[in-house]
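Keep in mind the model is a prediction, meaning the values are calculated, not measured. Residue numbering restarts at 1 for every chain, and letters A, B, ... go by the order of the sequence lines.
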Number of protein chains: 2
Amino acid sequence: MSPRRPPGESRRAILEAARRQFAAVGYQRATIRAIARAAGVDPALVIQYFGSKDELLDASLEMPVDIAAVTADLETYPDLGTELVRRALTAWDSPPIRNGLLAMLRTGLSHQRASEALAALVSRSVLGVVERFATGEDARFRAALVGAQIAGLAMGRLALQVPELAEASPDRIARAVGPTITRYLTGDISGDPGADGDGAPAV
Amino acid sequence: MSPRRPPGESRRAILEAARRQFAAVGYQRATIRAIARAAGVDPALVIQYFGSKDELLDASLEMPVDIAAVTADLETYPDLGTELVRRALTAWDSPPIRNGLLAMLRTGLSHQRASEALAALVSRSVLGVVERFATGEDARFRAALVGAQIAGLAMGRLALQVPELAEASPDRIARAVGPTITRYLTGDISGDPGADGDGAPAV
DNA sequence: CTCATTTCTCAACGCTTGTTGATAACTGTC
DNA sequence: GACAGTTATCAACAAGCGTTGAGAAATGAG
């Protein structure tokens, strides 16, 4: 009666449904039963394919975003930050990328594994760019600053959907946030360069 | 054997334990049973005092932070952003404030109520400052930008505990992030070339 | 003391969860 | 057609959850 799906199709459907669920409600509230229902499949099949809910999360967090493409050629732009933000916002329009990122955000603050994935994503993706302009500890600090700004933006625009951020055009946001990123990447981040020597300098 | 606690003490202990639990693991993973155990109390008492887990969350999210104090006198500082960040970082050192904020972050991305509380906190606290320099839609956009930057910073430093952000001195972070805030508050955010905004000289 | 009131515990209900083992249904190969 | 292998379903389990209602224990007033 019911025609069977092509091989590998159910697995793919489960993964997509899982990504969507994790992105929508986070790890804890996403249930295997709901994921299975969305994929048109028995809950037991989810376990059979992925082993456990944790492993399903792992599989869901494998980001399908090509970081190299997003950060390529960045030095050739007069304002790298603006261009970087523009590309990021464009990437977030793609449902798989947006869902993957949302899953990380929603899950990453209350689940160990996803927290590491989130930190790793930021490190890997941003550090590669930063290291074209800085090295060592300075580079890691700059990368963290860029990551915090981008993550905050993603949180407001994608997760919380703050109207001012969610409805603003990519261009407007890029022009506003871009200079910040440029400064974090290449600018002076140690404060006033000369005159104002008040406190003892940190180690 | 067990002497009774002074009146109101159990309620206070429950609320404190709840704040800690929500801050540590988010709404879903924080169980009433665990909160009761941490408070040295029967789970039923938690319900009797607060009605339900949702209402307990509401009570836990009432922020004990005096926003007016954090944002007072800000105009008198040459670099308001740096001073604002410095005060925020100092406030985050206080366990009740830090736990309240962490509870919002951990919970706010996967729970409706907390999401609104998070957005409201940012609106109320930041918008008041911004409206000393801008009005209308521009002010709300600027407030959203400031909120996103601060939230990203809180996420990295407090929640994910990215080493570069968690271990850096408040002063270093304030000097790095401060100019960004100043620019979002009072600078040019429409991308006109030549009006860079922060106090740093050309790179 | 007695009695009413507040504070707190106990045992249990109904429900949902992730996960399991047995088993059915379909597919391709000899 | 018979067999092996994958693909999928079913019913059920044990555990943990929020919540409830009855009642015990302490407290304060008369």
Side-chain angles (χ1 to χ4, degrees), chain A residues 1-61 103 106-108 110-114, chain B residues 1-61 103 106-108 110-114:
Chain A
M1 285 290 291
S2 52
R4 178 166 290 204
R5 277 193 265 204
E9 235 302 295
S10 287
R11 193 176 207 281
R12 208 199 49 78
I14 290 172
L15 199 54
E16 188 190 319
R19 248 192 273 259
R20 258 208 285 263
Q21 280 284 324
F22 288 139
V25 300
Y27 179 78
Q28 291 287 332
R29 290 185 47 192
T31 68
I32 288 200
R33 285 169 151 92
I35 291 168
R37 201 180 318 125
V41 140
D42 189 274
L45 195 63
V46 177
I47 297 293
Q48 189 164 85
Y49 274 144
F50 293 93
S52 71
K53 192 183 176 184
D54 261 35
E55 293 174 84
L56 177 60
L57 175 67
D58 278 355
S60 302
L61 291 184
R106 291 238 152 84
T107 288
S110 67
H111 193 277
Q112 178 72 16
R113 185 106 48 164
Chain B
M1 281 287 291
S2 53
R4 176 164 291 204
R5 280 194 263 201
E9 235 302 295
S10 287
R11 194 177 206 282
R12 208 200 50 76
I14 291 172
L15 199 54
E16 187 190 320
R19 248 191 271 260
R20 258 208 286 262
Q21 280 283 325
F22 287 139
V25 299
Y27 180 77
Q28 290 287 333
R29 291 184 47 191
T31 68
I32 287 199
R33 286 168 149 93
I35 291 168
R37 203 178 316 125
V41 142
D42 189 273
L45 195 63
V46 178
I47 297 293
Q48 183 160 340
Y49 275 146
F50 293 92
S52 70
K53 190 182 177 185
D54 260 35
E55 293 173 85
L56 176 61
L57 176 66
D58 277 356
S60 303
L61 291 184
R106 291 237 151 84
T107 288
S110 66
H111 192 278
Q112 178 71 13
R113 185 105 49 165

Beyond-backbone contact of A/Ile14 with A/Arg11, side-chain heavy atoms, under 4.5 angstrom: no

Among D/dT7, C/dC8, D/dT20, which nucleotide has an atom closest to any side-chain atom of B/Leu45? C/dC8

Give a yes or no on whether a salt bridge exists between A/Arg12 and A/Glu9, defined as a side-chain N under 4.0 angstrom from a carboxylate O. yes

Would you say the base of D/dG16 and the side-chain of B/Arg33 have a donor-acceptor pair closer than 3.5 Å? no

Could you please name the option among D/dG18, D/dT9, C/dT17 that lies closest to any side-chain atom of A/Thr31? C/dT17

Sugar-phosphate, base or nothing in reach of A/Ala36, heavy atoms under 4.0 Å: nothing

Nearest-nucleotide pick for B/Ser10, side chain only, options being C/dC8, D/dT9, D/dT20: C/dC8

What nucleotide, of C/dC8, D/dG18, C/dG18, holds the atom closest to the side chain of B/Tyr49? C/dC8

Measuring from the side chain of B/Asp42 (C-beta onward, heavy atoms only), which nucleotide among C/dT19, C/dT9, D/dG18 has the closest atom? C/dT9

Name the orientation class of the two ring planes belonging to A/Tyr27 and A/His111 (parallel below 30°, tilted from 30 to 60°, perpendicular beyond 60°). tilted

How close do B/Arg19 and B/Ala103 get, heavy atom to heavy atom, and via which atoms? O-CB, 4.5 Å

Which part of the nucleic acid, if any, lies within reach of B/Phe50 when heavy atoms closer than 4.0 Å are counted: base, sugar-phosphate only, or nothing? nothing

From the list D/dA8, D/dT9, D/dT20, which nucleotide is the closest neighbour of the side chain of A/Gln48? D/dA8

Compare the minimum distances between each of D/dT9, C/dT9, D/dT19 and the side chain of B/Ala44, then state the nucleotide with the smallest one. C/dT9

